[in-house]
Amino acid sequence: MHILLAASAFNSLTQRVHAELRDRGHSVAVELALPSVSLAEAVDRHRPDLVVAPMLKTPVPREVWSAHTCLIVHPGPVGDRGPSSLDWAVTEDATRWGVTVLQACEEMDAGDVWATADCPLPPVGKSDAYRGEIADAALSAVLTAVDRFACGTYVPERQVSGRARPYLRQELRRIDWAKDPTQSVVRALRAADSRPGVLDELLGGQWFLHGGHPEDRLRGRPGELIATRAGAVCRATVDGAVWIPELRARRLPGEPAPVKLPATLALGDRLPPLPEVPAPPCADAGAEAPRTWSDITYREQGAAGFLTFSFPGGAMSTAQCRRLLAAYREACARPVSVLVLGGCRDFFSNGIHLGVIEAAADPAEESWANINAMDDLVEAVLTTTDRFVVAALGGNAAAGGAMLALAADEVWCRSGVVLNPHYRLMGLYGSEYWTYTLPRRTGTGVAQRLTADALPISAESARRLGLVDRTIDCAPQEFADETTRLAVRVADSPAVLSRIAGKKARREADESVRPLAAYREAELARMRETFFDPQAPYHALRRAFVRKEPADRTPPHLERTVPGRRTAPLPSRRPRVTGPAVQDRAPGPAGC
């Protein structure tokens with residue numbers, strides 16, 4: 001079928017639906033619901049068989065839903081209605097939730113039901129759950145609904161009742177630091193972690209607080225800042241404290257939208273002298289770990305080491321890259337034969353930190369420092385020849401973050417991951433040694449297509465193309481345990497030493513043909529030219545991205561119809577080195 005995706009933004013769920021529908025042979029196009037765009041005209045132009053709205057904040061016009069079947073993805077169970085469904089679920093500490101695919105009609109979220117899927121709702125941030133459990137359930141429900149529509153005989157079920165809940169306004173999110181316990185504060189912060197944040201007063205200013213993690217050892221007067229760690233601030237509650245990684249200033253009339261930044265950077269000179277409290281070392285196996293937050297941790301199990309990192313939004317600033325590189329070098333000094341990078345749920349990495357760059361006094365210089373720090377990290381991974389390195393992607397990766405993963409010897413991906421291995425949409429040529437790592441995995445032709453098309457690809461497509469070595473079909477909460485089990489098995493394998501020797505020989509052979517320094521020099525020459533050219537599109541694109549400036553039209557690469565990919569397995573581009581992969585297989589559709 002030809003399917004048109006109508007969306008308010010090409011967000012993570014829309015990208016996943018786009019990629020998975022193409023994997024199943026459908027042709028797909030996207031139209032963004034913008035004030036300057038008539039959705040009715042777009043539908044007439046595309047003439048789709050079906051319209052699917054993975055994330056739509058505005059009503060579908062009557063002239064569209066009355067003439068075409070339009071399926072709306074609502075992030076709530078049957079009967080739940082309203083624009084803040086998931087926010088309310090996190091706020092009310094729900095442990096299970098669901099997704100409903102319903103037909104657009106006059107009343108929002110009240111249409112006939114084509115498919116549903118339920119899922120657990122773990123104690124994580126709203127956006128993390130949205131990209132994880134909610135996205136898994138949504139994809140399952142969308143595929144079922146699409147197959148039911150295709151069969152032509154399925155009759156959707158009418159909703160007999162519903163509960164419409166209001167938009168979760170800031171006055172309902174407000175934190176009372178003098179009364180609210182840590183658990184309540186964390187829920188409020190998690191329910192608003194990415195957008196919109198929790199509006200609060202702090203150090204004489206008004207800020208949106210983004211992200212919240214409990215702390216059970218540090219204490220202070222409720223509401224006061226008591227410590228810092230890796231750019232985050234720790235704020236006391238009545239019975240403990242919380243770590244807040246990011247802040248965004250409240251927008252002033254006539255001013256551009258402020259940028260979300262690491263908390264200490266956002267506060268700047270307002271921040272009083274506070275102790276920088278390092279994270280405690282990882283607890284021994286079987287010991288109870290303290291409730292605290294750290295964006296980088298290291299642990300070992302047997303002969304396998306696990307260097308985990310989780311940066312808000314997947315963005316990696318100059319300072320974060322340097323801290324991760326220092327942690328990587330420390331991990332490489334440990335007596336392990338396998339080293340796993342990542343392994344957390346949610347984002348692996350999205351590359352350089354465009355927000356920190358935008359807020360810098362000299363964005364060009366900060367761009368240059370950030371890309372060099374990323375390159376230093378990737379180079380360290382590429383030149384590690386005394387152990388086997390695995391990149392474990394429990395969440396999405398894009399641009400330089402995707403290329404960081406390709407620097408490892410193997411890439412393991414959770415089945416729900418979406419990859420965007422390109423830079424073009426930000427007006428950049430790219431670095432992170434991508435001109436070396438991407439073609440050696442996919443071949444030159446596929447590498448050129450991926451970077452030029454600038455479209456998301458699913459974990460399964462990435463495996464077929466050679467970008468990924470193993471897909472792991474599991475829930476987001478299970479990914480860490482699954483990667484631990486697999487890494488320990490690889491470390492205990494008698495073949496691990498020969499694999500390490502083989503990678504060392506290949507690296508030496510590649511270096512003799514063209515040194516890594518030559519790839520870096522050529523890439524950075526292109527990047528420097530862009531960074532220090534005030535007229536380069538990169539600067540306007542970066543500004544629009546971090547300040548959430550609305551687009552004036554659907555980007556041409558999304559608007560055009562993309563043919564569905566082959567569903568039969570493609571031949572591997574290079575030999576396997578870890579044995580048969582665990583494949584990502586979506587559940588079969590319900591029968592007609």
Side-chain angles (χ1 to χ4, degrees), residues 122-125 128 132 213-218 229-232 243 245 276-312 314 316 320-349 377 380-381 384 386-395 397 401 404-405 407-414 417 470 472 474-493 496 499-500 578:
V124 298
D128 184 346
H213 306 272
E215 165 62 50
D216 62 2
R217 295 190 178 184
L218 301 178
R229 177 183 296 160
W243 288 99
E276 175 77 6
V277 179
C282 288
D284 296 331
E288 184 177 354
R291 286 206 315 166
T292 190
W293 166 85
S294 180
D295 56 0
I296 302 173
T297 61
Y298 178 77
R299 64 184 176 86
E300 292 177 5
Q301 184 166 328
F306 301 86
L307 180 59
T308 62
F309 53 93
S310 180
F311 302 120
M316 297 172 63
Q320 288 166 329
C321 289
R322 290 172 177 168
R323 287 194 296 106
L324 185 55
L325 175 58
Y328 181 81
R329 287 172 172 161
E330 289 183 14
C332 284
R334 298 292 303 162
V336 295
S337 57
V338 173
L339 180 57
V340 178
L341 299 179
C344 294
R345 50 176 297 141
D346 207 14
F347 286 119
F348 178 77
S349 171
L377 174 62
V381 178
T384 299
D386 61 346
R387 66 203 64 220
F388 199 74
V389 182
V390 174
L393 280 61
L404 169 61
D409 302 308
E410 284 199 354
V411 179
W412 298 352
C413 240
R414 194 181 81 83
V417 162
R470 182 186 295 269
I472 301 173
C474 68
Q477 285 287 86
E478 299 169 356
F479 185 72
D481 289 342
E482 286 295 310
T483 54
T484 297
R485 179 182 61 81
L486 290 169
V488 170
R489 190 175 73 184
V490 172
D492 291 341
S493 167
V496 68
R499 292 180 184 175
I500 294 170
T578 61

- Only residue of V340, T297, V389, I296 satisfying side chain to side chain contact (heavy atoms under 4.5 Å, CB included) with L307 is I296
- Query: side-chain contact (heavy atoms from CB on, under 4.5 Å) between L486 and I472: does it pass, once the steps are laid out?
  - Reply: CA-CA 10 Å; L486 290 169; I472 301 173; 3.6 Å; yes
- Message: Is any side-chain heavy atom of F311 closer than 4.5 Å to one of L324?
- Response: yes
- Item | Working for side-chain contact (heavy atoms from CB on, under 4.5 Å), residues T384 and Y328 | CA-CA 10 Å; T384 299; Y328 181 81; 2.6 Å; yes
- Query: Yes or no on side-chain contact (heavy atoms from CB on, under 4.5 Å) for W243 and D295, after CA distance, side-chain angles and deciding distance?
  - Reply: CA-CA 11 Å; W243 288 99; D295 56 0; over 6 Å; no
- Query: Are the side chain of E276 and the backbone N or O of G231 linked by a donor-acceptor pair below 3.5 Å?
  - Reply: no
- Query: T308 and G342: which non-hydrogen atoms are nearest, and at how many Å?
  - Reply: CG2-O, 3.1 Å
- Message: I want to check something: taking the side chain as every heavy atom from C-beta on, are R217 and V277 in contact at a cut-off of under 4.5 Å?
- Response: no
- Query: Given side chains that start at C-beta, do those of C332 and L339 come closer than 4.5 Å, heavy atoms only?
  - Reply: yes
- Exercise: identify the closest heavy-atom pair between M316 and S349: SD-OG, 2.9 Å
- Item | R345 to F479, cation-pi by 6.0 Å centre distance and 45° axis angle | no
- salt bridge (Lys or Arg N to Asp or Glu O under 4.0 Å) partners for R334, two or more places apart: E300
- Do D409 and R499 sit within salt-bridge range, that is, some charged N less than 4.0 Å from a carboxylate O? no
- Message: Less than 4.5 Å apart, side chain to side chain, heavy atoms only: is that true for V381 and L341?
- Response: yes
- Hey, are the side chains of V490 and V390 touching, using non-hydrogen atoms and a 4.5 Å cut-off? no
- Message: With a 3.5 Å distance limit and no angle check, can you tell me whether S493 reaches the backbone of R489 through a side-chain donor-acceptor pair?
- Response: no
